[in-house]
Amino acid sequence: MSVVGFDDQPVAQWFDLTTVAQSPSRIGREAGELALSLIDDPGADRERHLVLPTHVIPRTTTAPPPAPRPEPQLPPD
């Protein structure tokens, strides 16, 4: 089993937790810009979505899956 967190909080380093890092400052900036665009133009697209970059910081809580086990062989009749 592997465990992955998000936001790469400092506690993730303490537990050597693999995390998905994202930029809180960029998220805040983009959210503010979206809010201002709705204030400035009430007819602006309210369904607009942004996808911001993230990246994985691998640590010791993730590993590759185990190798497949060989099928058990039944004894011949």
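Any value given below was found using the heavy atoms of this structure, including those in side chains, with hydrogens, waters and symmetry copies removed. Model, not experiment: these values are computed from the prediction.
Taking CG from Leu50 and CZ from Arg26, the interatomic distance works out to 8.5 Å, rounded to the nearest 0.5 Å. Taking CH2 from Trp14 and CD from Gln9, the interatomic distance works out to 10.0 Å, rounded to the nearest 0.5 Å. If you take CG on Asp7 and OG on Ser23, they are separated by 10.5 Å, rounding to the nearest 0.5 Å.
Pairing each heavy atom of Thr62 with each of Ser2, the nearest pair is CA-OG, 3.4 Å.
Residues Val56 and Thr18 form a side-chain contact, since some pair of their non-hydrogen atoms from C-beta on lies under 4.5 Å apart. You'll find the side chain of Thr61 stays beyond 4.5 Å of the side chain of Asp16, heavy atoms only. Under the 4.5 Å side-chain criterion, counting only non-hydrogen atoms from C-beta, Thr19 is not in contact with Val4. Using a 4.5 Å heavy-atom cutoff, the side chains of Leu52 and Arg29 are not in contact.
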- Audit row: Gln22, His55, side-chain contact (heavy atoms from CB on, under 4.5 Å) steps and yes/no: CA-CA 7 Å; Gln22 47 192 355; His55 64 280; over 6 Å; no

- Task: Could you walk me through whether Arg48 and Leu38 pass the side-chain contact (heavy atoms from CB on, under 4.5 Å) test, one step at a time?
- Result: CA-CA 11 Å; Arg48 183 174 172 208; Leu38 291 173; over 6 Å; no

